[in-house]
Amino acid sequence: MSEFVRPSVKTAIPGEKSRLIVEKDDNYMITATKVFPIAIKKGKGIVLEDEDGNVFYDFTSGVGVCNTGHCHPKVVKAIKDQAEKLIHFAGTDYYYEPQAVLMERLAKLAPGPNKKRVFFTNSGTESVEAAIKLARYKTKRPQFLAFTGAFHGRTMGSLSLTSSRAVHKEGFQPTMPGVEHVPYAYCYRCPYNLEYPTCNMECVKYIEETVMKKLLSPNDVAAFFCEPIQGEGGYIVPPKEFLPMIKKLCEKYGILYVSDEVQAGFGRTGKFFACENFDVVPDIITCAKGMGSGMPIGCIIIDEKLNYPHKGCHSNTFGGNPVCCEAGNATLDVIEEENLLENAKNIGDFMHEGLKDIQKRHPLVGDVRGIGLMQAIEIVKDPKTKEIDPQSRDQICEEMLKLGLVTLDCGVSSIRFIPPLVITKKEMEVGLEIIEKAVAKVEKN
Ligand SMILES: Cc1ncc(COP(=O)(O)O)c(C=O)c1O
């Protein structure tokens, strides 16, 4: 466990000096979504230090990646040791131990009784592309289902499944044809204006009774892409029956159920895979982000029955390179040895309760939702009308940064909190204090 450090922002505006680094550089493509003008120099556990000597708590985990904390010594050692032995040798073409070991461990961790197989990728979007191709290949069906508000990546196939912000697709159409979107179970703003549980899960009924009868035949659908908790779309936790009902629908019509665990997997929710919170056994799991503690590695884990019939159907050059695989093995070691699943559950529950208390004291906080260390608040103008308030949301994020907490938005009017899973209760108490101070300050204005 790293030594306790408090955030401390010395510059009048965080990033005051590093702003120069950022703004002088005209080499970035403007599309880079730089959230705050801070230039991070180093990180340890949940603590970040910027070029100006400001100290922050990272409540983003580098967008859901550094689940074991920044520069965990075991991960650093594994990377260094492997880099001295073998950096690359085309993992889909040849064998080497770090890859074989990681593959076996992941296959064992995946839920369900059937044997699993693993294919390594370099990112979340590449995992989703691999799942799209495999689903088409195996089912010989042309279409896909995904949810409104979903985020599955930004390459052409995954982009067609993504529907969290129109800007992602603007100017890039047409994307891959054959994708239909259906509403997610966003109970705080039910798309059918109903209330759980008296709604009788209208959101699932609509898919079977309307979409599958009037819009597209389920017999044409290869796969249904599901985020167990909708991430970029607003950290939306569906009611417990939702995903099992979607899985049943998939089984009924021979549709493959893909659990996109790129953001919610690798212990984030207190279970290794987030689908385990809902007792769903997917046909395909897509992973990346938390898998290599910051090294670029992802994978799909598939049911044995979906294996390709012969070599070369799908491949890549860098997938599962030895250094990334050793970072992955060290990540699994740290998760096991430091009981990070338990910590994510305990500190996550503590955070959830803390956020609920803040909600009681501050009407700007309309909703609190999340599982484990995947938590969010939705900011509204009035808790009764639930009118969204993205402007106050952005101001709260800025205030939190000034007080030393780095966070990220999500959805239309929400803020997500995804600190590394190594966070302690004391650090979380400091985080909650900062969140409340920032909310109070914006509320007063
Ligand atoms: C659920 C989900 N799937 C896929 C992706 C795409 O991952 P990447 O940015 O590594 O391509 C993301 C990224 O945020 C994600 O949250």
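Counting starts at 1 for both ligands and their atoms, in listed order. Values below: every heavy atom of this structure, side chains too, minus hydrogens, waters and symmetry copies.
- Residue-ligand proximity, Thr125 to ligand 1, at heavy-atom distances under 4.0 Å covers atoms 6 (C), 7 (O), 8 (P), 11 (O).
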>> For Arg165 and Glu232: C-alpha separation, side-chain torsions, deciding distance, then whether salt bridge (charged side-chain N to carboxylate O under 4.0 Å, His left out) applies.
In response: CA-CA 9 Å; Arg165 292 178 203 210; Glu232 309 293 312; 5.4 Å; no
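- For ligand 1, the atoms lying closer than 4.0 Å to a non-hydrogen atom of Gln263 are 14 (O), 16 (O).
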> Step by step, would you call Glu427 with Thr424 a side chain to side chain donor-acceptor pair (under 3.5 Å)?
Replying inline: CA-CA 5 Å; Glu427 289 166 335; Thr424 63; 3.3 Å; yes
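- Scanning the protein heavy atoms around atom 5 (C) of ligand 1, the nearest turns out to be Val262 CG1, 3.7 Å.
- With a 4.0 Å cut-off on non-hydrogen atoms, Arg154 does not touch ligand 1 at all.
- If you check the side chains of Thr331 and Ser293, you find a donor sitting under 3.5 Å from an acceptor.
- Listed by atom number, the atoms of ligand 1 under 4.0 Å from Asp260 heavy atoms are 1 (C), 2 (C), 3 (N), 4 (C).
- Using a 4.0 Å cut-off to heavy atoms of Lys289, the atoms of ligand 1 that qualify are 13 (C), 14 (O), 16 (O).
- Closest to atom 7 (O) of ligand 1 among all protein heavy atoms lies Gly124 CA, 3.3 Å.
- A donor-acceptor distance shorter than 3.5 angstrom exists from the side chain of Lys169 to the backbone of Thr162, with no hydrogens or angles considered.
- Note on Lys44 versus Glu49: no salt bridge recorded, every NZ/NE/NH1/NH2 to OD/OE distance being 4.0 Å or above.
- Of all the heavy atoms of Glu232, the ones lying under 4.0 Å from any atom of ligand 1 belong exclusively to the side chain.
- Atom 9 (O) of ligand 1 is not flagged as protein-proximal [any protein heavy atom, distance under 4.0 Å].
- Only side-chain heavy atoms of Glu227 come within less than 4.0 Å of ligand 1; its backbone N, CA, C and O stay farther off.
- Ring centroids of Phe266 and Phe272 are separated by less than 6.0 Å, placing the two rings close together.
- Closest to atom 2 (C) of ligand 1, if we only count protein heavy atoms, is Phe151 O, 3.3 Å.
- Tyr184 places no side-chain N or O within 3.5 Å of a backbone atom of Gly233 that could act as its donor or acceptor partner.
- For Gln359 (side chain) and Gly366 (main-chain N/O), a donor-acceptor pair under 3.5 Å exists by modelled atom type.
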